[in-house]
J.: 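Okay, here's the structure, questions in a sec.
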Amino acid sequence: MGWRKKRAPRKFYGRQNAQAGQKTPAAAGKKGIKRYCGLLWVMPSFLGVLLFYLLPYGDVVRRSFLGAVDNRFVGLENYRTVFGNTAFWLAVKNTLCFTAVCIPVLILLALGCAAILFRSRYGGLIKSAFLMPMALPAVSVALMWRLLFHSQGLLNQWLTHLGIVGSDWMNTGQAFWVLVFSYIWKNLGYDIVLWMAGLAGISEHIYEAARVDGAGEWQCFVKITLPNLKPSLYTITVLSFLNSFKVFRESYLVAGDYPHESIYMMQHLFNNWFRGYSFDKMAAAAVLESIVLLLLILMLQKAWDKKGDGIRYAP
């Protein structure tokens, strides 16, 4: 037999490195891409928030320490001016009263309607009808309120036919309750849809097991439905709280710049300061309001986290 030259053994770097627990350059590159893939997906949204929220908010914070005309640094003078303004405290009082009245009524009323409609055969159709107020333009809604609640409007005419003396609804203390009715009427359908989404996420097997144990409808609602709706309750509460600060449009279009003092809200105050070029006071008040809103939302979240999640059914 002839002599053959021995070949050098092939070097399988990928297999040897894999057996040794080392990563090949290709695997390391893929892991690096996966690591930054999530960041690339989030980057467009982050840039939008940075451009349209964080930077403008930072500019508002900066303006709150400057003068309105000369942009001179004045320290906390703008905040002292805001705290000493009687119109500011009136707007704060009315806004807090409006929120304290509207949110519990809206949440409970929407929950009751959602529980009834969820079992109804025509719940989807009725739910769509409840959403109609949100689709109506604010100007149309304001015109309807003006025609209905004016001193010589439709409501007073109907009351006259019934032998009841009407009232100047928008120029008395009853304007507050008109605004409450407007807010609930417009946001009721939205909250009903959110409650029904939460109800749809509860398994029917839990109710069947409870009924086998002898639980009635009220026990099922209290012991099963309500505990499982806690995540929805937090979301609906926060959204309703934020929407309560958007009633300015209807109130402004119906009653003007200076409505009855019972419905003089924070938005009226900001609008009047804006028209008077009081950007320093407006910036300071906006920073204070944003801090209060953030603290309230964080307190709500902490309260919900302490309660815990899960089903708490006891027959």
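All of these numbers come straight from a predicted model, not from anything done at the bench.
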J.: Please check this pair: side chain of Ser244 against backbone of Phe241, looking for a donor-acceptor N/O pair closer than 3.5 Å.
T.: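 Such a contact is found between Ser244 side chain and Phe241 backbone.
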J.: Does the side chain of Gln174 reach to within under 4.5 Å of the side chain of Phe149, using non-hydrogen atoms?
T.: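 No, every pair of side-chain atoms sits at 4.5 Å or beyond.
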J.: If two hydrophobic side chains count as joined below 4.5 Å and joins carry through other members, does Tyr207 share a cluster with Val212?
T.: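 Looking at the clustering, Val212 is in a separate group from Tyr207.
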J.: Would you call the rings of Phe65 and Tyr79 parallel, tilted or perpendicular, taking 30° and 60° as the class edges?
T.: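 Judged by the thresholds at 30° and 60°, the geometry between Phe65 and Tyr79 is tilted.
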J.: Under 3.5 Å, is there a donor on one side chain and an acceptor on the other for Asp191 and Ser240?
T.: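 The criterion, which ignores hydrogens and geometry beyond distance, is satisfied for Ser240 and Asp191.
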J.: Let me check something: do Ile291 and Val82 share a hydrophobic cluster, defined by ILVMFWY side-chain heavy atoms less than 4.5 Å apart, either directly or through other members?
T.: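 As far as the 4.5 Å side-chain criterion goes, Val82 and Ile291 are connected within one cluster.
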J.: Decide side-chain contact (heavy atoms from CB on, under 4.5 Å) for Leu233 and Leu111; before the verdict, give the C-alpha distance in whole Å, the side-chain angles of both, and the deciding distance to 0.1 Å.
T.: CA-CA 9 Å; Leu233 178 59; Leu111 177 59; over 6 Å; no
J.: Ignoring hydrogens and geometry beyond distance, is a side-chain donor-acceptor pair present between His260 and Ser262 at under 3.5 Å?
T.: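 Checked: His260/Ser262 side chains pair up, N/O donor to acceptor below 3.5 Å.
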J.: Hydrophobic clusters here meaning ILVMFWY residues chained together by side-chain heavy-atom distances under 4.5 Å, can you tell me if Phe181 and Val101 are in one?
T.: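 In one cluster: yes.
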J.: Nearest 0.5 Å, what's the CG-CG distance between Leu296 and Leu242?
T.: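 The CG atom of Leu242 is 10.5 Å from CG of Leu296, to the nearest 0.5 Å.
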J.: Side chains of Asp280 and Arg63: does their closest heavy-atom pair fall under 4.5 Å?
T.: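 A side-chain contact under 4.5 Å is absent here.
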J.: Out of curiosity, does Tyr53 fall in the hydrophobic cluster containing Leu47 (side-chain heavy atoms, cut-off under 4.5 Å, transitive links)?
T.: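 Yes, same cluster.
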J.: Hey, could you give me the CG/CG distance between Leu155 and Leu148, rounded to the nearest 0.5 Å?
T.: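 Between atom CG of Leu155 and atom CG of Leu148 there are 5.5 Å.
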J.: Check this for me: does any side-chain nitrogen of one of Glu208 and Arg211 sit under 4.0 Å from a carboxylate oxygen of the other?
T.: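 Result for this pair is no, no salt bridge flagged.
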J.: So, taking the atom named CD1 in Ile236 and the one named CG in Asn187, what distance separates them when rounded to the nearest 0.5 Å?
T.: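 That separation rounds to 12.0 Å.
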J.: Are the side chains of Thr81 and Asn85 in contact, using a 4.5 Å heavy-atom criterion?
T.: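 Not touching, per the 4.5 Å side-chain cut-off.
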J.: Just how far is it from atom OG1 of Thr99 to atom CG of Leu106, taken to the nearest 0.5 Å?
T.: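 Rounded to the nearest 0.5 Å, the OG1-CG separation comes to 11.5 Å.
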J.: Report, as yes or no, whether the 6.0 Å neighbourhood of atom CH2 on Trp185 holds more than 12 heavy atoms from other residues, nucleotides or ligands.
T.: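 Yes, the 6.0 Å shell around CH2 holds more than 12 heavy atoms from other groups.
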J.: Within the structure provided, determine whether Trp195 and Leu117 are in side-chain contact (heavy-atom separation under 4.5 Å).
T.: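 No, too far: nothing below the 4.5 Å cut-off.
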J.: Give the minimum heavy-atom separation between Ala286 and Val60, together with the two atoms involved.
T.: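 Shortest heavy-atom contact: CB-CG1, 4.3 Å.
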J.: Compare all side-chain heavy atoms of Ile263 with those of Asn94 and state whether any distance is below 4.5 angstrom.
T.: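 Contact flag for Ile263/Asn94 side chains = no.
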J.: Considering only heavy atoms from C-beta outward, does the side chain of Arg72 approach that of Val74 to under 4.5 Å?
T.: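 Arg72 vs Val74: side chains touch.
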J.: Determine the interplanar angle of the Phe88 and Phe83 rings, folded into 0 to 90°, and report it as parallel if under 30°, tilted if 30 to 60°, perpendicular if over 60°.
T.: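 Correct class here is perpendicular.
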J.: Between Ser278 (side chain only) and Phe274 (backbone N and O only), is there a donor and an acceptor less than 3.5 Å apart?
T.: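 No; judged by distance alone, with no hydrogens or angles, the pair does not exist.
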J.: Please confirm whether the backbone N or O of Ala284 pairs with a side-chain atom of Asn78, one donor and one acceptor, at under 3.5 Å?
T.: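 Pair absent, no side-chain N/O of Asn78 close to backbone of Ala284.
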J.: Do Gln219 and Ile224 have side chains that get closer than 4.5 Å, going by heavy atoms?
T.: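 No - every pair of side-chain heavy atoms lies 4.5 Å or more apart.
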J.: For Gly198 and Leu229, which heavy atoms make the closest approach, and how far apart are they?
T.: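 It is C-CD2, 3.6 Å.
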J.: Once you round to the nearest 0.5 Å, how far does CG of Leu239 lie from CD1 of Ile107?
T.: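 The CD1 atom of Ile107 is 10.0 Å from CG of Leu239, to the nearest 0.5 Å.
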J.: Are more than 12 heavy atoms, taken from residues, nucleotides or ligands other than Tyr190, located less than 6.0 Å from that residue's OH atom?
T.: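 Not more than 12 within 6.0 Å, no.
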J.: Mind checking the CG-CD1 spacing from Asn243 to Ile103? Nearest 0.5 Å is all I need.
T.: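 Taking CG in Asn243 and CD1 in Ile103, the distance rounds to 9.0 Å.
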J.: Heavy atoms only: give me the nearest Ala114-Ile192 pair and the separation to one decimal.
T.: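 Minimum heavy-atom contact is CB-O, 3.9 Å.
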J.: Look at atom CZ of Phe73 and say whether more than 12 heavy atoms of other residues, nucleotides or ligands are closer to it than 6.0 Å.
T.: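 Correct, the count exceeds 12.
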J.: Please answer whether the main-chain N or O of Ala91 pairs with a side-chain N or O of Thr95 as donor and acceptor at a distance below 3.5 Å.
T.: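 Side chain of Thr95 to backbone of Ala91, a donor-acceptor pair under 3.5 Å: yes, one is there.
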J.: Take Phe98 and Tyr183, measure what side-chain contact (heavy atoms from CB on, under 4.5 Å) needs, and give me the verdict at the end.
T.: CA-CA 10 Å; Phe98 179 82; Tyr183 169 79; 3.6 Å; yes
J.: Same cluster or not: Val238 versus Leu298, using hydrophobic residues (I, L, V, M, F, W, Y) connected whenever any side-chain heavy atoms lie under 4.5 Å apart?
T.: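 They do not share one cluster, since no chain of ILVMFWY contacts under 4.5 Å joins Val238 to Leu298.
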J.: Output, in order, the C-alpha distance, side-chain angles, deciding distance and verdict of side-chain contact (heavy atoms from CB on, under 4.5 Å) for Val92 and Met266.
T.: CA-CA 6 Å; Val92 168; Met266 290 295 297; 3.7 Å; yes
J.: Between Tyr57 and Ser290, does any side-chain donor sit less than 3.5 Å from a side-chain acceptor?
T.: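 Looking only at side-chain atoms, Ser290 and Tyr57 do form a donor-acceptor pair, the distance falling under 3.5 Å.
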J.: Go through the steps to decide whether Tyr264 and Asn272 satisfy the test side-chain contact (heavy atoms from CB on, under 4.5 Å), and finish with yes or no.
T.: CA-CA 11 Å; Tyr264 188 80; Asn272 294 331; 3.1 Å; yes
